[in-house]
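Worksheet: the structure to be examined is printed underneath.
We name chains A, B, ... by the order of the sequence lines, and we start the count at 1 in each one.
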Amino acid sequence: MAKPAPTVQGGQDIEAHVPQKELGPVFKAASGPARWADERLGIATLSRPFIRKVFPDHWSFLLGEIALYSFIILLITGTFLSFWYKPSMAEIEYEGSYQLLRSVAMSESYASTLAISFDIRGGLLVRQMHHWAAALFLAAMLAHSLRVFFTGAFRKPREINWVIGVAMLGVGLIEGFAGYSLPDDLLSGTGLRFVDGLVRSIPLIGTWAEFFVFAGEFPGDLIVSRLYIVHVLLLPAILLGLIAAHLALVVYHKHTQFPGPGRNEGNVVGYPVFPVYAAKAGGFFFIVFGLLTLMGGLMQINPLWTYGPYNPAEVTAGSQPDWYMGFVEGAIRIMPNWEWHIGGTTWSWNVFLPGVGLLTGFFVVMAIYPFVEQWVTKDKSEHHVADRPRNAPTRTAFGVAAMTCYGMFWIGGGNDLVATQFRVSLNAVTYFLRVAVFVAPVIAFIVTKRICIGLQRADQERLLHGAETGVLERDPSGSYSERHAPISVGEAYTLTQYKQQPALLPAQDGDVKAKEMRVEQLRRRASRFFFIDDLRKPTRAELEEAAHHGHDDDHALTDGHEGNGHSGNGNGHHSIAAGTQQNVVDQ
Amino acid sequence: MTDLTPRNSGHEVDDQAQQRSELETVRDVERYPVPDPGLPEHLPRLSDVDEKAADRATRQVATMFGLVPVLAILFVVIYFAVPRDAVFLGQNAKNIGLGITAGLALMLIGIGAVQWGRQLMDDHEMVDHRHGAASTKEDVEYVLRELDAGTDESGIRRRKVLGYSLGGALAALGLPLIVSFADLGPWPTKRVRAATIEETIWKEGIRLVHDVTYEPIKASEMVIGQLVNAQPENLQEFHGTEYLQEKAKASIIIVRMDPNDIKIPEERRDWQVGGILCYSKICTHVGCPISLWEQQTHHLLCPCHQSTFDLGDSGLVVFGPAARALPQLPITTDAEGYLVARDGFSVPVGPSYFERDSRGDFKGE
């Protein structure tokens, strides 16, 4: 195929290709309003570094974008809703168009939410879009954080941005909760009742916190208007600030990229902001917006007119919080009923630990992980090429263990539905989960780590022996072997470019100062835990040697294939592929 | 690699930097067993080499954009023309119509833009050079030097008291800031607690009434196995917030069980009327109203977190996260045979709080 002539371009691209002679439409605009603006704002200088800034392309980089776009859509739809919503707990008699609730006493906030749903044209659509967008916002943030975690994109210099991300996730969670408490229907009131119990359970200050949050005894008459200002001003402002910082840091650090030929720690390869990235990212905003609009039109969410107004003496079976609160809900459900009664005091561990404790623990563990890993490795270098998860087996295993733990708690949040849908005993589900939240992550850790190391072995097979071709050959002696084709240099580079962390042997006397010895030994033990099972990647010499022997180094289908020139280490296979050569360094 | 340079206009691709970063992968043998081979050759797309394919993509994109005004008009038509309560497939027709037209319009803009970017915009990858996140040495030195000079010029080095007093002044502002929030709610002192969360409107002689109709309940009308959701008769006197606050504590359930099937402790003999027992409906876990009644086992299950209480055994917890028995309301009958409270609750109802004296709860025999 011939290369395309450079002149086959759309009109938009003229600026990029044609020098002085043929000025594109951009230059015409530049003499008019653009010059006027530039003389006042200096926009050319401002935009110069960004207009052709390079963004690498990968589907997983869209997850953060989805979060950002859902947030923007939340601002748009939320503003629309606020034109009719009344954050008031004052009691009125409903006179709107929903017949089944006519003449029922309810709060103004519930009545105004019903009005948005039934009397404002398009109100239901926007309300449902808002709710779906909130669910998507949290889901996208969580998925994005998993991508960042598993690719090691939180490493230096991005630790602070990771912490900012964790903060956004936490604020987003509270923001979502505050939002679904606003309609003041039976479900949201039940959620608030739960929060009341949660706040109360805090040792020492619980009752005071409860009275301060609810302006007295539950439910009081201020909580809805307080949550409203928290939901529409305080937390969105904080989120907006954090998003600005998050994006500014992404721009400053430049995006991480996945390994590939031509991509290294010193560069970033991708498409320029203008026009390709702008088209793709801008288009993606509209796709997310469109999808949420379709969901708002076609998929019912939170049909709060069926719940009725809040009534502290009623609750519906199967009450569920929004999905992102499910893990806390689950913890609350499966927690054993531990409570201390000391003198005239009550220490409500059965509520405090799974509620406040788990939420706090979740975010603290997330926030400190980069620093823990950095302490173990003492790796002070910058990392811009994303790790392939298999090349950090222990980190990946930790991530999957955490996901499993989260998942078990999350299932606990619907233990009643699990029981009714699968016709199993509710008690059995609960007892099982009490054990599973601890045991399942351990199993997940071990399995994931083995899978990662297995994948590392597969990589090494390709590196040292090439790719399987599927062509079987029989030699004159009658034995069968499969022909292997060498992989490309680009692939070999992709598979080997990651930075391998060594497992450290215990320190000897004199390695470090005596008083630092304990900490150093601990660190080294941690480094062995982290890295000792990693497959040591082949050295350049080993690869060259393998390439040299590569032509006749076809895999025999029978066991005990030997004598191919590799330095065997006694186990009848290649030293590296067998992985017995440990990844240990005595530093 | 060389494929990149023709794309460069105005954008500063630092070729030297690019070569340097590739060279690094040659030099660092330990980290890079295979040196960076550089970017692969750019492969043209069909739309790059076949004008017809490019035209086809152009038509696709323009069609998508062109459909948007149509959908926008349809949206307006549906907004005004479809009645509010029209139903389509069991759902609100207006909502579905508005959602589909607006949603498709937005998606078509998005898909069109992405298609334009993927098929028609130049797809040569570009390279940017990275520089470390840290400031340059000169910048650090300049800033430190100037900060040092500025500190000298401010005089704070010789007159340290300025700094200390300013710090103290700013810190002191925290005090009014925090104190200003003291009126967020009433302070739950012992007296306030006794009048709020530790108190219900139940007292001696208050009738037990159906929670919706407020009709009093005759003991003789209750059959074995029956459960009634009830409220105190005087709840009707409250309105608005107070009503909700009182209801959140005073709600009860009345059950009738066969007295021979259940355990009634000696001290609670006269708290019931012929197997009719009355318990707080508010869960001792986090305060959900409990009402899932298992008639055969006498168990009451909370739908929120599945705490289960044995109403045949003074409301003790048999399963779940709740730690304390459901408070029991002592009841009797009045002269007309209606159920009335013999007294208020003996312990605070609802979820635990720190100052709660839980020594008076029933803990089994």
Just so I know, are the side chains of [X] and [Y] near enough to count as touching, which here means a heavy-atom distance under 4.5 Å?
{"X": "B:Val317", "Y": "A:Asn337", "answer": "yes"}
{"X": "A:Asn427", "Y": "B:Thr308", "answer": "no"}
{"X": "A:Val489", "Y": "B:Val34", "answer": "yes"}
{"X": "A:Arg200", "Y": "B:Arg356", "answer": "no"}
{"X": "B:Pro35", "Y": "A:Arg540", "answer": "yes"}
{"X": "A:Thr539", "Y": "B:Val29", "answer": "no"}
{"X": "B:Pro351", "Y": "A:Arg193", "answer": "yes"}
{"X": "A:Val315", "Y": "B:Cys304", "answer": "yes"}

Which bit of [X] is near chain B, if near means a heavy-atom gap under 4.5 Å: side chain, backbone, both or neither?
{"X": "A:Leu298", "answer": "side chain"}
{"X": "A:Arg226", "answer": "side chain"}
{"X": "A:Trp347", "answer": "side chain"}
{"X": "A:Phe118", "answer": "backbone"}
{"X": "A:Arg127", "answer": "neither"}
{"X": "A:Gln497", "answer": "both"}
{"X": "A:Gln128", "answer": "side chain"}
{"X": "A:His384", "answer": "both"}
{"X": "A:Thr190", "answer": "side chain"}
{"X": "A:Asp57", "answer": "neither"}

Measure [X] against the heavy atoms of chain A and call it side chain, backbone, both or neither at under 4.5 Å.
{"X": "B:Ala182", "value": "backbone"}
{"X": "B:Ala134", "value": "backbone"}
{"X": "B:Arg84", "value": "side chain"}
{"X": "B:Ile282", "value": "side chain"}
{"X": "B:Arg359", "value": "side chain"}
{"X": "B:Lys247", "value": "both"}
{"X": "B:Ile252", "value": "neither"}
{"X": "B:Phe181", "value": "backbone"}
{"X": "B:Ala322", "value": "backbone"}
{"X": "B:Val82", "value": "neither"}
{"X": "B:Glu30", "value": "backbone"}
{"X": "B:Asp211", "value": "neither"}
{"X": "B:Gln245", "value": "both"}

Would the distance check show the side chain of [X] and the main-chain N or O of [Y] forming a donor-acceptor pair, the cut-off being under 3.5 Å?
{"X": "A:Tyr271", "Y": "B:Met126", "value": "no"}
{"X": "B:Asp357", "Y": "A:Gly344", "value": "no"}
{"X": "B:Arg130", "Y": "A:His253", "value": "yes"}
{"X": "A:Asn267", "Y": "B:His129", "value": "no"}
{"X": "B:Lys94", "Y": "A:Arg121", "value": "no"}

Regarding B:Ser352 and A:Glu339, is there a side-chain donor-to-acceptor distance under 3.5 Å anywhere?
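A pair is found: one side chain offers a donor N or O, the other an acceptor, under 3.5 Å apart.
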
Regarding A:Thr346 and B:Ser358, do their side chains bring together a donor and an acceptor under 3.5 Å, going by distance alone?
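Yes.
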
[X] and [Y]: which non-hydrogen atoms are nearest, and at how many Å?
{"X": "A:Leu294", "Y": "B:Met107", "value": "CD1-SD, 3.6 Å"}
{"X": "B:Leu244", "Y": "A:Pro219", "value": "CB-CG, 3.8 Å"}
{"X": "B:Arg31", "Y": "A:Tyr498", "value": "NE-C, 3.6 Å"}
{"X": "B:Pro33", "Y": "A:Leu543", "value": "CB-CD1, 3.5 Å"}
{"X": "A:Asp416", "Y": "B:Pro303", "value": "OD2-O, 4.1 Å"}
{"X": "A:Gly266", "Y": "B:Ser21", "value": "CA-CB, 3.6 Å"}

[options]: which one forms the most heavy-atom pairs within less than 4.5 Å of chain A?
{"options": "B:Arg193, B:Arg324, B:Glu24", "value": "B:Arg324"}
{"options": "B:Gly103, B:Gly185, B:Pro188, B:Gly110", "value": "B:Pro188"}
{"options": "B:Asn92, B:Ile78, B:Ile197", "value": "B:Ile197"}
{"options": "B:Ala250, B:Gly320, B:Ala105", "value": "B:Gly320"}
{"options": "B:Leu292, B:Asp36, B:Val114", "value": "B:Asp36"}
{"options": "B:Pro186, B:Gly117, B:Ser291", "value": "B:Pro186"}

For A:Lys254, salt bridge (Lys or Arg N to Asp or Glu O under 4.0 Å) partners two or more places apart:
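In terms of salt bridge (Lys or Arg N to Asp or Glu O under 4.0 Å), with neighbours along the sequence ignored, A:Lys254 is linked to no residue.
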
Would you say the rings of B:Trp187 and A:Phe211 are close, in the sense that their centroids are separated by under 6.0 Å?
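No, too far apart.
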
Can you tell me how the ring of B:Phe319 sits relative to the ring of A:Tyr431, calling it parallel under 30°, perpendicular over 60° and tilted otherwise?
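Perpendicular: the ring planes of B:Phe319 and A:Tyr431 meet at over 60°.
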
Could you walk me through whether B:His305 and A:Phe194 pass ring pair (Phe, Tyr, Trp, His ring centres under 6.0 Å), step by step?
CA-CA 10 Å; B:His305 307 104; A:Phe194 162 67; 5.5 Å; yes

Roughly how far, to the nearest 0.5 Å, is the OH atom of B:Tyr243 from the CG atom of A:Asn311?
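Reported to 0.5 Å precision, the distance equals 6.0 Å.
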
